[in-house]
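Presented below is the structure to which this report refers.
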Amino acid sequence: MKKIKIALLGLGNVGRGVWKIINENGEEIRKRSGYDVEIAKILVRDKNKARGVDIPESLLTTNYEEIIQNDEIKIIVELMGGVNPAKEYMLEAMKQKKHVVTANKMVLATEGDELFEAADRFGVMFYYEASVAGGIPIIQGVNESLAANKIEQLYGIVNGTTNYILSKMELENLDFETALKEAQEKGYAEADPTSDVEGYDAAYKLGILSSLAFGAKVNFDQVYREGITKINSTDINFARELGFVIKLLAIAKDEGNELELRVHPTLIPKTHPLANVHDSFNAIFVKGNAVGELMLYGRGAGDLPTGSAVVGDILSVLRNEGNLENYSAVKNNLWKRDIKPISKINRRYYLRITVTDRPGVLGEITTIFGKHNVSMKSIIQRGREKDNATLVIVTHHTNEGDLMNALEQIKELQALESVDNLLRIESFNS
Ligand code: NAP
Ligand code: HSE
C-alpha cells in the first residue's frame with residue numbers, strides 16, 4: 001500500500017469533518033485510491049483550543065513553515081476561510097509543487113484566477129468541490145456530467161445557514177436571531193455570519209458555478225445581491241397565503257446576449273421542488289438544452305457533508321497522480337459576457353406597504369402603477385392599526401425599472417406610511 005502525507009490548514013467545523021472521515025473511512029479510501037492517507041500536520045491559530053476530537057497534540061502547529069518546508073507532504077487542504085492568508089498559503093504550496101484542495105468559496109470567487117493560473121504554472125492539481133453546496137457534487141456535475149449541455153438556467157438554494165433560518169421561521173415560528181444562533185451552533189455558518197445572511201456567500205457560489213456553467217468570466221461583484229435580514233414573519237405568512245414559500249435563491253440565466261446573475265430572497269410556488277428544500281439542505285435546479293430539468297439535492301453545510309466533498313477531492317488528486325499531462329486547473333474558453341442590470345429584468349413582484357386607510361388611496365396607487373406599465377394581479381388589504389392598513393400587492397410580469405419608478409412616486413403620496421418589503425417572485429417558466 002502506497003502512503004501519502006497531507007496537511008490540513010484549519011481544524012474548525014470542516015477540518016474536524018475531514019479528520020473524522022479520513023480516520024473512520026480509511027479502509028474505503030485505501031481501496032478506492034490505492035493510498036494510505038496520513039494527516040501529517042494541521043495548521044491552527046491556537047494549539048490550546050478545545051477541539052472536540054481526539055487528535056495528537058504533536059500534529060498541531062501554528063507555523064506554516066513547518067508544513068511548506070516538509071517535502072513529504074504532497075497535498076495541502078485549505079480549510080481556514082477568508083482571502084488572506086489562505087490565498088498566499090495556497091500559492092506558496094503550489095510553488096512547492098504540492099497539490100491543493102480547498103472549500104473556500106470567498107477566495108475562489110474573488111481571487112480564483114490567480115490560483116487557477118498558478119496551479120497550471122507549477123503543474124499541480126487544484127480541486128474545490130466543497131466550495132459550492134457542501135456535500136452536493138455540483139462542481140463535478142457541471143464540469144463533467146453535464147458538459148454536453150448548453151446550460152440555460154440554474155436556480156440554487158446554495159446557503160445552508162439562510163435556508164436553515166428561513167425553514168425554522170416558516171415551519172417552527174422561530175425568530176431570526178434564535179434560528180441563526182442554532183445554525184452557528186451546528187457549524188453551518190461562516191466565521192462572520194454576515195456573509196451568509198447578507199447573501200455574499202451565495203453570491204460567491206453563484207459566481208463560481210456560473211463561470212463553469214456558462215464558460216463565462218464572472219466577477220463576483222457582477223452578481224446582484226440581497227440578503228434575508230429584511231424577511232420577517234409577516235412576509236412569510238402573506239407568502240404562504242398567496243401559495244408561495246420564501247427562499248434565498250441564487251439565479252443564473254443565459255439569455256443569449258446577456259447573463260442574468262442574482263441572489264435575493266424570492267417567493268417561489270409551494271409546489272416547486274425547491275420549496276421543499278428545508279433545514280441546511282441545498283439544492284441546485286438546472287435546465288440544460290439536452291438533459292432538460294434536473295435537481296441535485298443534499299446537505300449544503302456541516303462538518304461531515306462538507307468533509308465528504310473535501311475528501312472526495314483528495315481522492316481525485318490521488319487518482320489523477322501520474323496523469324498530470326491531461327490535467328488543467330484553468331478552464332479554457334472563458335468568454336467575457338455582458339451581465340443584465342437588475343433594472344432590466346422582468347419578473348413578478350410582491351410589494352407590502354402601509355398606507356393611511358382612507359377613501360381613494362387604492363385609486364391613487366393603481367393610477368401610478370398604470371402610468372408606469374405595472375399591471376397588478378392581486379391585492380390583499382389587511383388589518384387596521386390606528387388609521388393604517390397593510391396592502392400586499394402582487395404584480396403581473398413587469399420591468400423592474402418601471403416598478404421602481406412607480407414606487408418612487410408612490411413614496412411621495414401623503415397616504416403612504418411605509419414601504420415594508422419588495423420581493424421578487426419566480427415562477428420558473430421564463
Ligand atoms: P471555522 O470553523 O471558522 O474554522 C477555521 C479554522 O481555520 C480554525 O481551526 C482556525 O484555527 C483556522 N484558521 C483560521 N485562520 C487561520 C490562520 N490565519 N492561521 C492558522 N489557522 C487559521 O471554519 P469552517 O466552518 O471549518 O470553514 C472552513 C472553510 O470551509 C471556509 O472557507 C468555509 O467557507 C468553507 N466551508 C464551510 C462549510 C461549513 O459547513 N462550515 C461548508 C462548505 C465550505 P483555530 O481553530 O485555532 O481558531
Ligand atoms: N456558511 C455556508 C452555508 C457553509 O451556510 O452554506 C457552506 O458553504
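The shown structure was predicted, so the numbers you read here are calculated from the model rather than taken from an experiment. Just follow the structure's listing: the first ligand is 1, and inside any ligand the first atom is 1.
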T61 and E66 side chains, donor-acceptor separation under 3.5 Å: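 Short answer, yes.
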Between S328 and D120, a side-chain donor and acceptor under 3.5 Å: yes
Can you tell me the protein heavy atom closest to [atom] and the distance?
| atom | answer |
| --- | --- |
| atom 38 (C) of ligand 1 | V14 CG2, 3.6 Å |
| atom 5 (O) of ligand 2 | T161 OG1, 2.6 Å |
| atom 7 (C) of ligand 2 | G300 O, 3.3 Å |
| atom 1 (P) of ligand 1 | G12 CA, 4.0 Å |
| atom 40 (O) of ligand 1 | G302 N, 2.7 Å |
| atom 48 (O) of ligand 1 | K49 NZ, 2.8 Å |
| atom 8 (O) of ligand 2 | K105 NZ, 2.5 Å |
| atom 35 (C) of ligand 1 | A103 O, 3.3 Å |
| atom 28 (C) of ligand 1 | L79 O, 3.3 Å |
| atom 36 (N) of ligand 1 | K105 NZ, 3.6 Å |
| atom 15 (N) of ligand 1 | R45 NH1, 3.6 Å |

Can you list the atoms of ligand 1 that are under 4.0 Å from a heavy atom of [X]?
| X | result |
| --- | --- |
| G187 | 39 (C), 40 (O), 41 (N) |
| D46 | 47 (O) |
| G10 | 6 (C), 7 (O), 9 (O), 12 (C) |
| L11 | 6 (C), 8 (C), 9 (O) |
| E190 | 33 (C), 34 (O) |
| G81 | 31 (C), 32 (O) |
| P85 | 18 (N) |
| T306 | 38 (C), 40 (O), 42 (C), 43 (C), 44 (C) |

D196 contact mode with ligand 2 (heavy-atom cut-off under 4.0 Å): side chain
Atom pair NZ/CD of K181 and Q184 - distance to nearest 0.5 Å: 8.5 Å
CG-CG distance between L166 and D279, expressed to the nearest 0.5 angstrom: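 Nearest 0.5 Å value for the CG-CG distance: 12.0 Å.
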Aromatic contact, F116 with Y128 (centres under 6.0 Å): yes
Y297 and F281 aromatic ring geometry - parallel, tilted or perpendicular at 30°/60° bounds: parallel
Aromatic plane relationship, Y155 with F285 - under 30° parallel, 30 to 60° tilted, over 60° perpendicular: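 Ring orientation, 0 to 90° scale: tilted.
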G160 N/O to ligand 2 N/O under 3.5 Å: yes
Polar contact flag for S131 and ligand 2 (N/O pairs, less than 3.5 Å): no
Non-hydrogen atom of R51 closer than 4.0 Å to ligand 1: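 Distance cut 4.0 Å: R51 passes for ligand 1.
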side-chain hydrogen bond (donor to acceptor under 3.5 Å, both in side chains), paired with K247, selected from T162, N163, T266: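 Of the listed options, the one satisfying the test is N163.
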Evaluation steps, ring-ring contact (aromatic ring centres under 6.0 Å, His included), between F428 and H272: CA-CA 9 Å; F428 300 97; H272 192 273; 3.7 Å; yes
When only distance counts, is [X] in polar contact with ligand 1, meaning an N/O pair under 3.5 Å?
| X | result |
| --- | --- |
| A301 | no |
| A130 | no |
| L9 | no |
| A191 | no |
| N13 | yes |

Counting each atom of ligand 2 from 1 as listed, which ones have a heavy atom of [X] under 4.0 Å away?
| X | result |
| --- | --- |
| N159 | 2 (C), 3 (C), 5 (O), 6 (O) |
| E190 | 1 (N), 2 (C), 4 (C) |
| Y188 | 1 (N), 2 (C), 3 (C), 4 (C), 5 (O) |
| K205 | 2 (C), 3 (C), 6 (O), 7 (C), 8 (O) |

Contact check, side chains of S378 and L242, non-hydrogen atoms, under 4.5 Å: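 A side-chain contact exists here, since the closest heavy-atom pair is under 4.5 Å.
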Any protein heavy atom nearer than 4.0 Å to atom 23 (O) of ligand 1: no
Ionic contact status for K95 with E88, cut-off 4.0 Å: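 No, no charged N to carboxylate O under 4.0 Å.
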Salt-bridge criterion met for R16 and D303 (N-O under 4.0 Å):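 Salt bridge absent between R16 and D303.
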